[in-house]
Amino acid sequence: MADKIVIVGGAIMGSSLAWWLTELGHPASAITVVERDPSYAASGTAFTNSCIRQQFGNPLNVAISRFGVEFIKTFQSRMDDARVAPIHFHPFGYLYLAGNASEADRLTRAHAVQIAAGSATRLMTPEEMAAKWPFYDLDGIVLGSHGTEDEGYFDGTTMFDWWRRIAQGRGVTYLADEVTEIDTTGGRIRGVTLASGAALGADIVVNVAGTRGAQVARMAGLDLPVEARKRYTWVFEAARPLEKDLPLTIDPSGVHVRTDGAIYMAGATPDVDPAVDPEDFAGDWAMWEDKVWPALASRIPAFEEIRVKQSWVGHYDLNVFDRNAIVGHHSDLPGFFVLNGFSGHGLQQSPALGRGLAERIVHGRYVSLDLAPFGPDRVAAGIPFPEDAVI
């Protein structure tokens with residue numbers, strides 16, 4: 001008899017896992033996804049800037065992104081459903097700007113990792129960047145790193161929507177409810193209790209609860225170093241639009257900006273960045289005038305005259321231990337799996353990480369990519385598997 005699986009969280013990562021489980025042959029009728037907010041209005045999936053990059057410093061993350069791009073490009077054929085349209089992908093690349101020797105050294109070391117993994121990242125002098133993108137003011141910049149292929153933004157909403165719809169069509173149950181208790185009688189997973197009062201028996205519970213991941217882990221008597229952290233986004237139009245597409249530019253100030261069709265999208269991390277309640281989406285909008293707009297206008301003088309059209313606060317489910325995904329089986333509790341702590345990379349990593357954990361559950365081992373270094377046991381052992389390239 002197939003294991004009964006409860007997936008706690010039905011946004012993009014939970015739906016990726018549900019789809020991959022059925023794709024690998026696990027009976028859909030044995031899978032239940034519990035989602036507290038089926039509108040997904042406050043999920044990380046809803047607030048994402050929907051980008052993908054290969055410019056990581058950890059080679060496993062580079063491999064994960066390379067599969068992610070392949071999946072995006074072949075999404076329509078992989079879904080094997082005549083209703084599914086291709087995913088629009090806009091490969092303008094990321095451009096990291098280094099303002100000092102230390103940051104230039106980090107970009108150079110990361111570049112070696114990326115090239116060894118097969119990426120097409122290019123290190124650029126200020127003169128080379130000025131020739132390619134004359135709208136930049138590169139005063140103080142000593143080096144740039146540009147992803148020349150397979151980096152940019154894409155329609156992540158379509159990917160999420162079809163994973164969820166096809167998983168449901170195959171027979172996966174999606175419940176609009178909330179897990180309030182996890183039964184660990186006898187030292188293993190037995191099931192969950194829901195806010196509605198219903199009880200679900202389960203052999204496997206997968207924690208895909210995003211910013212609530214630590215809360216779900218505590219229900220099982222476990223610790224997870226994941227916190228909700230605010231991240232800001234602004235969409236704006238420019239009185240003087242740039243003459244060519246703007247790569248997703250990461251300024252030394254921490255402000256990042258990219259083309260978004262005919263307009264632009266910028267984002268930033270607050271200088272004071274405490275853990276917040278997952279329900280807290282209040283914004284300190286003075287940051288726009290005090291930090292973001294000055295940084296934009298300084299780096300791209302044409303952005304001295306811009307008008308904000310939309311802004312929002314989203315959350316990272318930040319892994320405060322080593323800023324990398326936490327994926328796999330928790331050895332202290334048989335039947336408890338974790339898929340969490342993506343630190344802003346969840347959307348782009350969802351194809352590979354959903355596939356990987358589904359392989360681990362269905363086959364008992366990782367098949368395509370070895371995700372064992374992401375395992376939760378590293379946290380308990382105090383052995384980090386770090387990722388420095390977190391925006």
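Aromatic pair Phe303/Trp234: centroids not less than 6.0 angstrom apart. Separation of the Phe56 and His345 ring centroids falls under the 6.0 Å cut-off. Ring centers of Trp285 and Tyr232: under 6.0 Å apart, within the cut-off.
In this structure, Val216 belongs to a hydrophobic cluster whose other members, linked by side-chain heavy atoms under 4.5 Å apart, are Val6, Val8, Val34, Leu175, Val179, Ile182, Ile189, Val192, Leu194, Leu200, Val205, Met219, Leu222, Leu224, Val226, Phe321, Ile326, Leu333, Phe336, Val338, Val379. Residue Val367 belongs to no hydrophobic cluster, having no ILVMFWY side-chain heavy atom closer than 4.5 Å to its own. Other members of the hydrophobic cluster containing Phe92, listed by chain and number, are Tyr153; membership follows side-chain contacts under 4.5 Å among ILVMFWY residues, whether direct or relayed.
Considering only heavy atoms from C-beta on, Val62 comes within 4.5 Å of Arg66 through its side chain. Annotation: side chain of Leu138 is in contact with side chain of Met129 (closest heavy-atom distance under 4.5 Å). Proximity of Thr249 to His256: side-chain heavy atoms (C-beta onward) are nowhere separated by under 4.5 Å.
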- Message: Between Glu23 and Arg170, does the salt bridge (Lys or Arg N to Asp or Glu O under 4.0 Å) criterion hold? Intermediate values first, please.
- Response: CA-CA 10 Å; Glu23 191 75 358; Arg170 290 174 174 176; 2.8 Å; yes

- Message: Between Ile7 and Leu21, is the side-chain contact (heavy atoms from CB on, under 4.5 Å) condition met? List the steps.
- Response: CA-CA 11 Å; Ile7 299 172; Leu21 283 168; 4.2 Å; yes

- Query: When you look at Gln348 and Phe342, which way does the side-chain contact (heavy atoms from CB on, under 4.5 Å) test go after all the steps?
  - Reply: CA-CA 10 Å; Gln348 63 185 290; Phe342 309 112; over 6 Å; no

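Look at Lys291 and Asp271 and you find a salt bridge, because one of the NZ, NE, NH1 or NH2 atoms lies within 4.0 Å of a carboxylate O, short of that distance. Residues Arg188 and Asp203 are not paired through a salt bridge, judged by the lack of any N-O separation under 4.0 Å between the basic side chain and the carboxylate. Between Glu70 and Arg78 there is a salt bridge, with a side-chain nitrogen of the basic residue lying less than 4.0 Å from a carboxylate oxygen of the acidic one.
The side chain to side chain donor-acceptor pair (under 3.5 Å) pairs that include a residue from residues 376-391 are Asn61-Glu387, Asp322-Arg378, Ser331-Asp377, where partners are two or more places apart or lie in different chains.
A search for side chain to side chain contact (heavy atoms under 4.5 Å, CB included) contacts involving Ile263 returns Val235, Glu237, Asp260, Lys309, not counting sequence neighbours. Pro241 meets the side chain to side chain contact (heavy atoms under 4.5 Å, CB included) test with Tyr264; sequence neighbours excluded. When the ring-ring contact (aromatic ring centres under 6.0 Å, His included) test is applied to His315, the partners found at least two apart in sequence or on another chain are Phe281. For Asp277, the side chain to side chain contact (heavy atoms under 4.5 Å, CB included) criterion is met by Glu279, Asp280, not counting sequence neighbours. By the side chain to side chain donor-acceptor pair (under 3.5 Å) test, Ser343 pairs with no residue at all, sequence neighbours left out. For Glu127, the side chain to side chain contact (heavy atoms under 4.5 Å, CB included) test picks out Thr125, with sequence neighbours left out. Residues satisfying the ring-ring contact (aromatic ring centres under 6.0 Å, His included) criterion with Phe374, sequence neighbours excluded, are Phe385. Qualifying ring-ring contact (aromatic ring centres under 6.0 Å, His included) partners for Phe160, counting only residues two or more places apart in sequence or in other chains: Tyr40.
When all heavy atoms of Pro126 and Ile141 are compared, the closest pair comes out as CG-O, 3.2 Å. Nearest heavy atoms, Asn324 versus Asn319: O-ND2, 2.6 Å.
Atom CG of Asp223 sits in a sparse spot, with 12 or fewer heavy atoms from other residues, nucleotides or ligands closer than 6.0 Å. Within a 6.0 Å sphere centred on NZ of Lys4, other residues, nucleotides and ligands contribute 12 heavy atoms or fewer.
Of the candidates Ile64, Ile12, Leu339, Thr45, Ser350 forms a side-chain contact (heavy atoms from CB on, under 4.5 Å) with just one, namely Ile12.
Side chain of Thr22 to main chain of Trp19: a donor-acceptor pair is present (N/O by atom type, distance under 3.5 Å, no hydrogens or angles).
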